[in-house]
Structures are given as structure tokens and as C-alpha cells.
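All remarks here apply to the structure that follows.
We number each residue from 1, following the sequence as shown. Keep in mind that what you see is a predicted model, and the values were worked out from it rather than measured.
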Amino acid sequence: AALLSPRCDDAAVEEAADLALRQINADREEGYVLSLYRIVSAREQPQEITGSVFYLILDVVDTECHVLSKKLWKNCSPRPSHSTVYGQCKAIIYINQARNVAHLNTYECTLQPVPRRYIWSVCPDCPVDDPPTGPEYLKAAVQSLAKFNAESEQTHYFSVLNVTRASMQWVVGPAYFVEFLIQETSCSKNDTVADISMCEPLPLEVAQIGFCKGSVVNSHLEQLVTISCEIYSQQDPATEEENQEANQ
């Protein structure tokens, strides 16, 4: 069948882009949920019986939701412009509305952060993302997680799994901002634990995994620590994404 060139704001194209991006996010195991910025191009190939294959090029940006949250991209908040990772996804998706089928045949995404020189030109004081493997960021993650372990009502202590995003800014002193994954350990909160790093992580198939955003702000007078976490159970009820895939 001949390739058609529908408008990018055509309702069928927008639906195809939404379904493709949902399945791309569901397939990814690391990083953050990608959000649609714009549809760059779309080609449609009607099939002999029913349905169409769409060839899409999508501009995307990352959100504040980790992919493990299983949240739909439309329900995730975009990042501030100075910390956005942007990119492009090429996707081929087959859609048959009559049979309620949407199958992502293949996709490829290329992502990159906003260049530092651009960030500094529009916001010289904005924190700039650093490689998250720095020891100062792991230390900040451990310090902020200690606050979560002390205050949460979880039955077990959690340990830092890995730092996924990090930045530093000079406020009243060096301030470290971290995003990181945490994993449930075998140490019960009924016990006194001097060093969480000595606790064995529970096996991944039963452990709860969480995503945290923390900060440690240092000054000559005090240290201010903040933390907020979402906990994802491996046995969470099926998400909207999974329910949709089951229906298909």
C-alpha cells in the first residue's frame, strides 16, 4: 500500500503517537518517563484488511517520574528547562482500532541533556546536572535516606540502590540535590541498626523498590536535609498501562 502523509495534528496521528510513547515508556527499565514535546513527522501505510502502520518521529523530553513508577506520560510533571533531557524517538506502530490493537513494532530513542553553556546563559545560578557517580552525591543520598528511614512507617530499612540524577548549587554553602533508587533490606526497623550499608538487600523479586528526591544544604551553622520518596511494590496492582496491554 502507498505511504500517506497525514497532518501531524490529525487525530489518528496524535493517538498513534500517544500509544507509541506509552509502550516505549513501558518497555524502558532505566531513566525517566518520556513526554511528548511535538510530532515531527508521520507517515501512514494502510493495511490490506484493516488498520494502519504509522512511521513516527517524535520530539520528547524527560519528566520527573522514574520509569519504575509506571505512570502515564500525561500524568507526569515536566522538568524545569535547566534540567531537561530532550531527544527524539523514531517508532513504527501498527494500530487496528476495530480490534482495539496497538502493537509497537520497533523504536529507537536518542537523548541528551540541555548544553551547560545554554543553561548558564539564561540562568547563571541554576544548578547544573553532574555525573551522578560522584562520591559527594552518594553521601548526600545516604544522608537524606537516613532521614527517610528514621521517619517512615515502613517495616524494613532501605538502602541506596543507585543515584540516578545529581546536581550541586552554592546557596549559603554547598547544596547537593540527588535523585536515587532505594531497595528494601532484610533489617527490621524494630532493631537498632548502626550501619544500614551492612544490611543485606532483599531479593529483587520480593523487595520493595523506591524512588527518592533528597537534598543536603550545608552552612557554617547547620545542615538542612530534605527527602521525599515513592515506594513501588513488586506486587502493585496492574497499572492503567498494563490493563491496556492486557486488553489488547
*Give a yes or no answer on whether the side chain of Asp130 reaches the backbone of Ala166 with a donor-acceptor pair at less than 3.5 Å.*
no

_Flag, side chain of Gln208 to backbone of Ile231, donor-acceptor distance under 3.5 Å_ = no

_Donor + acceptor pair across side chains of Thr50, Arg99 (<3.5 Å)_ = no

*asked:* Is it true that, when you exclude Gln169 itself, more than 12 heavy atoms of the residues, nucleotides or ligands shown sit nearer than 6.0 Å to its CD?
replied: yes

_So for atom NZ, which belongs to Lys189, do other residues, nucleotides or ligands contribute more than 12 heavy atoms lying within a distance under 6.0 Å?_
yes

*asked:* Show me the pairs that pass ring-ring contact (aromatic ring centres under 6.0 Å, His included) and involve residues 12-59, at least two apart or across chains.
replied: Tyr32-His66, Tyr32-Phe211

*So, for Val33 and Ser69, which heavy atoms are closest and what is the spacing to 0.1 Å?*
CG2-OG, 4.4 Å

*asked:* Please determine whether the number of non-hydrogen atoms from other residues, nucleotides or ligands lying under 6.0 Å from atom CZ of Arg38 exceeds 12.
replied: no

*Could you check Glu44 against Ser52 for side-chain hydrogen bond (donor to acceptor under 3.5 Å, both in side chains), going step by step and ending with a plain yes or no?*
CA-CA 6 Å; Glu44 181 182 359; Ser52 291; 2.7 Å; yes

*With sequence neighbours excluded, tell me which residues meet salt bridge (charged side-chain N to carboxylate O under 4.0 Å, His left out) with Lys147.*
Glu151

_Tell me every residue that passes side-chain hydrogen bond (donor to acceptor under 3.5 Å, both in side chains) with Asp129, counting only those two or more places apart in sequence or in another chain._
Arg165

*Can you run down the ring-ring contact (aromatic ring centres under 6.0 Å, His included) pairs that involve residues 161-181, sequence neighbours left out, and say none if there aren't any?*
Tyr137-Tyr176

*Hey, what do you get for CG (Leu202) to CD (Glu184), rounding to the nearest 0.5 Å?*
5.0 Å

*Cys89 side, atom SG; Asp59 side, atom CG - distance, nearest 0.5 Å*: 9.0 Å

*Could you give the distance from CZ (Phe158) to SG (Cys187), rounded to the nearest 0.5 Å?*
12.0 Å

_Residues that Glu230 engages under side-chain hydrogen bond (donor to acceptor under 3.5 Å, both in side chains), provided they are two or more places apart_ = Lys71, Tyr232

*What distance do Ile24 atom CD1 and Glu108 atom CD have between them, rounded to the nearest 0.5 Å?*
10.5 Å

*Asp27: what forms a side chain to side chain contact (heavy atoms under 4.5 Å, CB included) with it, not counting sequence neighbours?*
Tyr107

*Side-chain heavy atoms under 4.5 angstrom apart, residues restricted to Ile, Leu, Val, Met, Phe, Trp, Tyr: same cluster for Val85 and Trp73?*
yes

*Could you pull out all residues at least two apart from Arg28 that satisfy salt bridge (charged side-chain N to carboxylate O under 4.0 Å, His left out)?*
none

_List the residues meeting side-chain hydrogen bond (donor to acceptor under 3.5 Å, both in side chains) with Thr133, not counting sequence neighbours, and say none if there are none._
none

_Please check this pair: side chain of Thr106 against backbone of Ile92, looking for a donor-acceptor N/O pair closer than 3.5 Å._
no

*List the steps, then state whether side-chain hydrogen bond (donor to acceptor under 3.5 Å, both in side chains) holds for Gln97 with Glu15.*
CA-CA 10 Å; Gln97 290 185 328; Glu15 180 184 22; 2.6 Å; yes

*Treating Ile, Leu, Val, Met, Phe, Trp and Tyr as nodes and any side-chain heavy-atom pair under 4.5 angstrom as an edge, say whether Leu68 and Leu204 lie in one connected cluster.*
yes

_Listed once per pair and sorted, the side-chain hydrogen bond (donor to acceptor under 3.5 Å, both in side chains) pairs that draw on residues 211-223, sequence neighbours left out_ = Glu64-Lys213, Gln143-Gln223, Ser215-Thr226, Asn218-Gln223

*Please test Leu58 against Leu36 for side-chain contact (heavy atoms from CB on, under 4.5 Å), starting from the C-alpha separation and ending with a verdict.*
CA-CA 7 Å; Leu58 312 174; Leu36 180 63; 3.9 Å; yes

*Any donor-acceptor pair under 3.5 Å from Gln23 side chain to Ala102 backbone*: yes

*Hey, is the main chain of Glu14 close enough, under 3.5 Å, to the side chain of Asp18 for a donor-acceptor pair?*
no

*Taking side-chain hydrogen bond (donor to acceptor under 3.5 Å, both in side chains) as the test, write out the residues that go with Thr84, two or more places apart.*
none

*Output all residues satisfying disulfide bond (SG atoms under 2.5 Å apart) with Cys8, sequence neighbours left out; order by chain, then residue number.*
none

*Do side-chain atoms of Asp62 reach the backbone of Tyr86 as a donor and acceptor pair under 3.5 angstrom?*
no

*CG-CG distance between Asn162 and Leu181, expressed to the nearest 0.5 angstrom*: 5.0 Å

*According to the salt bridge (charged side-chain N to carboxylate O under 4.0 Å, His left out) rule, which pairs have a member within residues 131-142, sequence neighbours left out?*
none

*N-O pairing of Arg79 and Glu179 below 4.0 Å*: yes

_Separation of Phe148 CZ from Ile227 CD1 (nearest 0.5 Å)_ = 7.5 Å

